[in-house]
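One structure below.
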Amino acid sequence: MPDAPRPRPALPRPLQPLWAALLVSAAAGPVLDLAYPSVGWWPLAFVGVGMSLIALIGRRAWSALLVGLVFGASFYLIHIVWITRYLGEVPWYALAGLETIFMGLGSIPIALAYRWLPRVLPGRWARLVLLPLLVAGVWTARELFMGSWPYTGFPWARIGMSQSESPLAHLSSWLGVTGLTFLMVAFTAAVIEWIRMRQPRDLRTAIPAVALAVVLLVVPAFPTTPAGELRVGSVQGNGPSGYFDERERNAVLNAQLEASAPLFGEDMDVLLWPEGGIDSDPLNNPGTASVLDALSERVDAPLIVNAATERGADTFNTSMLWIGGEGAVQLHDKTHPVPMGEYVPDRWFFEPLAPDLVGLIQREYTPGTNPPLFDLPTATGDVGVGLAICFDVIYDDVIWESARGGAEVYMFQTNNADFRDTDENLQQLAFARMRAIETGRSVVNLSTVGTSQVIAPDGSTIDALPEGEAGHMLTEVPLRTGLTPASIVGPWIQGLIGWGSLAVLVALGVVVRVRQRKTPAPSEPASSER
């Protein structure tokens with residue numbers, strides 16, 4: 001007689017009843033938020049991620065969705081509350097709500113990974129090694145999706161970005177922020193599985209978690225090559241540069257000029273102004289152009305400035321390399337204008353829903369296509385200057401393009417005036433710090449109102465200005481050449497982790513489905529909703 005078919009393994013039971021999982025998820029969001037500035041207790045990123053994973057283990061799709069929604073809402077409603085500073089509650093609820101939906105939907109495949117992999121590969125080492133890697137891959141895939149869709153996405157709260165001042169940040173020079181997220185979640189999931197094994201006397205079971213901890217803590221930053229210094233003057237004018245600030249014509253320009261005056265007579269290679277440091281278009285306004293010509297000649301150096309510019313029927317958020325007597329010799333237009341901030345996608349749809357709010361956004365910025373890089377002429381030769389205008393600092397493609405194009409230093413121009421006295425400027429500064437470490441380049445992060453800093457390639461602060469005060473810096477900024485692995489293979493790492501983990505999950509689902517058709521279902525004890 002043929003052998004009777006082996007019964008299916010019983011489905012894993014949730015670690016917590018649903019009510020407890022919802023409470024844990026609600027607490028996980030605030031805990032995770034504390035890992036980011038302004039508090040910046042970076043170890044809490046592991047705690048927040050771990051709480052979220054524990055709440056998902058053993059869950060079915062619908063309860064995983066619910067648990068993920070609670071976690072997403074409890075995190076985003078706190079993390080981006082700075083949106084309400086001027087815009088009020090509707091945009092806050094809208095963006096936090098959208099991200100919450102994505103967090104909830106993205107929790108389902110994480111829960112499926114916990115259900116399917118042990119059924120296909122039930123061995124101890126599969127749970128200790130392969131399961132944490134798959135869970136981390138699916139988590140990272142969710143992060144990548146949220147950072148790219150809809151429109152240009154919102155990659156603001158990536159787990160790796162919480163580590164800008166931690167000893168783990170150097171890993172981003174090898175694997176990028178995406179790879180750092182993956183390793184952090186994998187380590188957290190490995191610790192959870194080790195604890196679930198309940199075999200503390202068998203030290204071998206701790207090997208996967210310990211190995212990941214060693215990678216996180218011991219791997220140094222990828223070295224780049226010193227290439228001299230650049231003497232950079234940078235000016236934070238603290239003018240009325242907010243969207244809703246009351247101001248007279250050229251008030252922001254005059255504030256920048258006044259704050260620049262102490263630099264007159266100083267030796268410098270370039271004078272940097274922030275995003276929106278000019279409140280008229282120097283490409284079309286001869287008066288503004290003559291002011292910049294005079295300023296460049298007065299400091300005897302090129303300027304890197306920014307303004308809204310018009311070319312034909314299009315409006316751009318434009319950084320300009322300006323040389324006295326020659327004007328704007330190079331341009332870079334912001335690559336990713338902010339949806340609902342700098343333009344309204346599908347205005348026909350959104351304006352009837354919130355006509356007062358959408359009506360405030362009159363200017364429609366066009367995405368730029370020119371490289372985020374200037375060739376800055378100096379007495380010793382051209383220096384590659386990588387650029388990112390405001391929120392472009394959170395987009396990997398902008399940073400990597402300029403690194404591969406020959407950037408030896410980064411200059412990030414931003415305008416945080418609409419978010420004064422909130423965590424937004426410190427969170428953005430953390431992103432700038434991570435970019436310095438990721439690329440092995442110095443960063444001059446300059447805001448109209450703060451926070452402005454010069455950051456070394458290792459993430460340390462070289463120079464800084466107080467927030468909310470007019471001031472200037474004159475800084476010897478280190479230059480670097482040589483590309484970090486993250487700058488070269490970053491897109492491939494993202495594709496491998498994101499698409500690869502989803503492909504593995506789909507394959508596991510197919511295997512589970514085939515086996516279900518061939519084996520009888522086990523008798524299961526009654527239990528609460530999973």
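The CG atom of Leu32 sits 8.5 Å away from atom OG of Ser52, with the distance rounded to the nearest 0.5 Å. Here Leu426 contributes atom CG and Trp82 contributes atom CH2; the two are 12.0 Å apart, rounded to the nearest 0.5 Å. Distance check: Ile399 CD1 to Arg435 CZ gives 5.0 Å after rounding to the nearest 0.5 Å.
Of the N and O atoms on the side chains of Arg298 and Ser260, not one donor lies less than 3.5 Å from an acceptor on the other residue. With 3.5 Å as the limit, one finds no donor-acceptor pair spanning the side chains of Asn254 and Glu248. Defined by atom type and a distance below 3.5 Å, a donor-acceptor pair is present between the side-chain atoms of Asn416 and Gln428. Counted by atom type alone, Asp33 and His79 present one or more donor-acceptor pairs between their side chains at under 3.5 Å. Between the side chains of Gln330 and Asp375, no donor-acceptor pair is found at a separation under 3.5 Å. With no hydrogens or angles considered, no side-chain donor-acceptor pair links Thr439 and Tyr410 at under 3.5 Å. For the residue pair Asp281/Thr309, the side-chain donor-acceptor check at 3.5 Å is not satisfied. Checked by atom type, the side-chain pair Asn250/Ser280 shows a donor-acceptor distance below 3.5 Å. A donor-acceptor pair shorter than 3.5 Å cannot be found between the side chains of Trp156 and Glu99. Looking at Ser241 and Arg247, their side chains never bring a donor and an acceptor atom within 3.5 Å of each other. When only modelled atom types and interatomic distance are considered, Thr484 and Arg441 share no side-chain donor-acceptor pair under 3.5 Å.
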> Could you walk me through whether Trp42 and Glu165 pass the side chain to side chain donor-acceptor pair (under 3.5 Å) check?
Replying inline: CA-CA 8 Å; Trp42 60 266; Glu165 298 194 58; over 6 Å; no
> Which is it for Arg480 and Glu408 under the salt bridge (charged side-chain N to carboxylate O under 4.0 Å, His left out) test, yes or no, and what are the steps along the way?
Replying inline: CA-CA 5 Å; Arg480 291 288 190 273; Glu408 299 171 63; over 6 Å; no
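Ring geometry for Phe102 against Phe145 counts as perpendicular: the plane angle is over 60°, on a 0 to 90° scale with 30° as the lower cut. Note: Tyr395 and His336 have tilted aromatic rings, judged against thresholds of 30 and 60 degrees for the angle between ring planes. Between Tyr36 and Phe75, the ring-plane angle classifies as tilted under the 30° and 60° cut-offs.
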